[in-house]
Amino acid sequence: VNAIESLAAIVGPGNIFTDAADLVPYLEEERGLYRGAALAVIRPGSTAEVAGVVKFCASAGIPMVPQGGNTGLCGGGVPPEDGRSVVISTERLTRIRAVDPVDFTLTAEAGCVLAHLQQAAEDAGCLFPLSLGAEGSCRIGGNISTNAGGTNVLRYGNTRDLVLGLEVVLPDGEVWNGLKRLRKDNTGYALQHLFIGAEGTLGIVTACVLKLFPRPREVATAFVALSDLEAALPLFARARTASGDSVTACELVPRRGLELGMRHVPGVRDPFTSPHDWMLLLELSSSRPGGLRDALEEMLGQALEDGLAVDAVIAESAAQRSDFWRIREAIPEAQKKEGGSIKHDVSVATSRVPEMIRRCTTAVEAAMPGVRVVPFGHLGDGNTHFNLTQPIDADKSAFLARWEEMNRIVHDIVVGMEGSISAEHGIGRLKVEELAHYKPAADLDLMARIKGALDPLGLMNPGKILRRP
Ligand SMILES: Cc1cc2nc3c(=O)[nH]c(=O)nc-3n(C[C@H](O)[C@H](O)[C@H](O)COP(=O)(O)OP(=O)(O)OC[C@H]3O[C@@H](n4cnc5c(N)ncnc54)[C@H](O)[C@@H]3O)c2cc1C
């Protein structure tokens, strides 16, 4: 009770929740894989309040779990079941401090919802290019802490590439001010990069300086039916070359993904008159209008002639473009409605994606006859969501009980191909054991030393990314 009273004195009594009903949304995550418990949820309204809360928790030995929009897919923002931690929510840190269309920067607090930042950039005539399915609810501090990827990585990079500076409350409550707006700064270690992708294990991001870009003024989007999976690679390379490197998205859609979408998600339609096994959503954009659509059309015409593509449709309107994106975005939603899914968020060198998909498909189908493989996503980044939908009429929990076995099969192949077991979603709780299994000992040792140096008490999101010491 004393701890709660002390914390309430820092943030105000209305900003600390202890009632079970108030806590629920902060204790469960998107997929329902984890349900944690907490002493309280604390909602500081300023960097100084975050620092006060962290300082108090550090002195009282209370573990802390930072949380943004709670849309993470690895349980990183969910507290453990022991109920000893507090959740520190950034949801009141929602101030945009500055938008500078000359520097092309935006300075914002960590709790800003991604879609609001996109809008603020647009209002200033600029683009903040980070874009993902959860953009209406994820928060920029969460995006930074997971180094989120999304659909524009090809052209603009991951979140890491979009951050110039950070402000962070360290695990002892000190505020580290690295809110720089510099494009160049070689003054020793690039400290902000330690916190990007750290999933809240090294401190709480309270504010950031982000890079903006000129707004695209021409966008050309096509849905392409491939002659086979392997044809995706030369087609993607040709699109880059033909458009002066203006490809902003290259997303793989398999037949099964489209069919599941048509079955379960309103508005999803097959853009082609006959069925195709593999399709690509290809999008080009440029801030200098003129010529992009023509380049796309010419490139696709040649690809049809050369047998790389067997059909293609270019969006003629914004509505048709969003129909194409709907097909892509509907896949995970449709999979959820089809029963259990076992998921893999893997990457390999882009040139090896088709080989990876074929090898993993053969291996999982051999291990589980009837399993429905749905590999889709960011082909241009070498990142495939290699998801498995349960066999028709299978028992969902019996299927999900084989999660680790399927992971091992897929991850062994991916790591054997010098790939990654987590391309964009992070480690959280979900992949702590997988990371311990696959990451080289020297890497794990360095990571543990960094964690120990910044958080010697081990109170900042313990048990996430790394095993508890
Ligand atoms: C429909 C859907 C689509 C998605 N698509 C993508 C996608 O395309 N690409 C992609 O990369 N991800 C995707 N995700 C995953 C998720 O949206 C991202 O990981 C997002 O960046 C998480 O942001 P959040 O604010 O919800 O973070 P949370 O879930 O709240 O937290 C994520 C992690 O960051 C930590 N954290 C949060 N805020 C802070 C902070 N201020 N300081 C320190 N640590 C913090 C938490 O402790 C936790 O470990 C998707 C999720 C959904 C539901």
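Only heavy atoms go into these numbers, but all of them, side chains included; no hydrogens, no water, no symmetry mates. Whatever order the structure lists them in is the order used to number ligands and atoms, beginning at 1.
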- Message: Within the structure, is a non-hydrogen atom of Gly428 found at a distance of less than 4.0 Å from ligand 1?
- Response: no
- Task: Check ligand 1 against Val205 and write out every atom of the ligand that is under 4.0 Å from a heavy-atom position of the residue.
- Result: 40 (C), 41 (N), 42 (N), 43 (C)
- Between His344 and Asn387, a side-chain donor and acceptor under 3.5 Å: no
- Using a strict 4.0 Å cut-off to heavy atoms of Glu30, name the atoms of ligand 1 that fall inside it. 53 (C)
- Message: Would Ile204 count as being in polar contact with ligand 1, using the rule that some N or O on each side must be under 3.5 angstrom apart?
- Response: no
- Message: For the residue pair Tyr438 / Glu433, report whether a side-chain donor-acceptor contact shorter than 3.5 Å exists.
- Response: no
- Item | ligand 1 contacted by Val65 (non-hydrogen, < 4.0 Å) | no
- State whether the shortest distance between N or O atoms of Ala148 and N or O atoms of ligand 1 falls below 3.5 angstrom. no
- Ser145 heavy atoms, cut-off 4.0 Å: which ligand 1 atoms fall inside? 34 (O), 35 (C), 36 (N), 39 (C), 40 (C), 42 (N), 43 (C), 44 (N), 45 (C)
- Between the side chains of His264 and Glu338, is a donor N or O closer than 3.5 angstrom to an acceptor N or O? yes
- Message: Below 4.0 Å from ligand 1: does a non-hydrogen atom of Gln67 turn up there or not?
- Response: yes
- Message: At under 4.0 Å between heavy atoms, is it the side chain or the backbone of Arg139 that contacts ligand 1, or both, or neither?
- Response: both
- Message: With heavy-atom distances below 4.0 Å as the criterion, list the atoms of ligand 1 near Glu199.
- Response: 35 (C), 47 (O), 49 (O)
- Below 4.0 angstrom from a heavy atom of Thr90, which ligand 1 atoms are there? Numbered from 1 as shown, please. 41 (N)
- Quick one: does Gly69 get an N or O within less than 3.5 Å of an N or O on ligand 1? yes
- How close does the nearest protein non-hydrogen atom get to atom 19 (O) of ligand 1, and which residue and atom is it? Thr146 OG1, 3.4 Å
- Item | Working for side-chain hydrogen bond (donor to acceptor under 3.5 Å, both in side chains), residues Ser89 and Gln67 | CA-CA 5 Å; Ser89 168; Gln67 194 178 95; 5.4 Å; no
- Message: Looking only at the side chains, is there a donor atom on one of Thr248 and Ser285 sitting less than 3.5 Å from an acceptor on the other?
- Response: yes
- With atoms numbered from 1 as shown, which atoms in ligand 1 lie under 4.0 angstrom from a non-hydrogen atom of Cys138? 23 (O), 24 (P), 25 (O), 26 (O)
- Query: Can you list the atoms of ligand 1 that are under 4.0 Å from a heavy atom of Asn461?
  - Reply: 47 (O), 49 (O)
- Query: Partners of Phe128 by ring-ring contact (aromatic ring centres under 6.0 Å, His included), sequence neighbours excluded?
  - Reply: none
- Item | Ligand-side contact atoms (ligand 1) for residue partner Gly133, heavy atom cut-off under 4.0 Å | 3 (C), 5 (N)
- Query: Would you call Glu259 and Arg263 a salt bridge, taking side-chain N to carboxylate O under 4.0 Å as the test?
  - Reply: no
For residues 136-145, dump all side-chain donor-acceptor pairs below 3.5 Å to protein atoms at least two apart in sequence or in another chain.
| residue | atom | partner | partner atom | Å |
| --- | --- | --- | --- | --- |
| Arg139 | NH1 | Gly111 | O | 2.7 |
| Ser145 | OG | Gly141 | O | 2.7 |

- Query: Heavy-atom contacts under 4.0 Å between Lys464 and ligand 1: side chain, backbone, both, or neither?
  - Reply: neither
- Give a yes-or-no answer on whether the side chains of Glu109 and Thr206 include a donor-acceptor pair shorter than 3.5 Å. no
- Answer with yes or no whether Gly203 contacts ligand 1, where contact means a heavy atom under 4.0 Å from a ligand atom. yes
- Task: Could you tell me whether the side chains of Trp325 and Glu283 share a donor-acceptor contact shorter than 3.5 Å?
- Result: yes
- Message: Is it the case that the side chains of Thr71 and Glu30 hold a donor-acceptor pair, with the cut-off being a distance below 3.5 Å and no angle test?
- Response: no
- Distance from atom 47 (O) of ligand 1 to nearest protein heavy atom, with residue and atom: Pro66 O, 2.6 Å
